[in-house]
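Report on the structure given below.
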Amino acid sequence: MSASRTLTAAVTKDGDWHVARCLEVEVASQGETVDDALANLREALELYFEDEADPADLAHPLVTPIEFRISA
């Protein structure tokens, strides 16, 4: 039986690629577009959880910008 879960993805640009990372577990993927990177991450997560326990108890991280100073 399959179940649907929602986790948090962060996507960044790295050269010509978009890198998608799951913030709750150590899984990442990449693609030429944001949509490709997310689709590849979704597939990687499905493969990851074939061998891992159900992620029902994972807490979603707080994602927020933070301001800091850089010395000149």
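Side chains included, hydrogens not; waters and symmetry mates left out as well; all remaining heavy atoms used.
- If you take CG on Leu45 and CD on Glu50, they are separated by 11.5 Å, rounding to the nearest 0.5 Å.
- Closest heavy-atom contact between His18 and Val11: CB-CG1, 4.1 Å.
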| message | If you apply the rule side chain to side chain contact (heavy atoms under 4.5 Å, CB included), what do you find for Phe49 with Asp51, and how did you get there? | response | CA-CA 5 Å; Phe49 282 111; Asp51 296 328; over 6 Å; no
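- Leu23 and Val19 fall into different hydrophobic clusters, defined by Ile, Leu, Val, Met, Phe, Trp and Tyr side-chain heavy atoms under 4.5 Å apart, directly or through other members.
- Checking Arg21 against Ser29 by side-chain atom types alone, no donor-acceptor pair falls below 3.5 Å.
- Heavy-atom minimum distance, Ala37 versus Ala20: O-CB, 3.7 Å.
- One hydrophobic cluster holds both Leu41 and Val25 under the rule that ILVMFWY side chains link at heavy-atom gaps under 4.5 Å.
- Looking at every heavy atom in both residues, Leu7 comes nearest to Glu24 through CB-OE1, 3.4 Å.
- One finds the OG1 atom of Thr33 at 8.5 Å from the CG atom of Asn40 (value rounded to the nearest 0.5 Å).
- Annotation for Gly31 and Asp36: closest pair CA-CB, 3.9 Å, computed over non-hydrogen atoms.
- A continuous path of Ile, Leu, Val, Met, Phe, Trp and Tyr side chains, each step under 4.5 Å between heavy atoms, connects Leu58 with Tyr48, placing both in one hydrophobic cluster.
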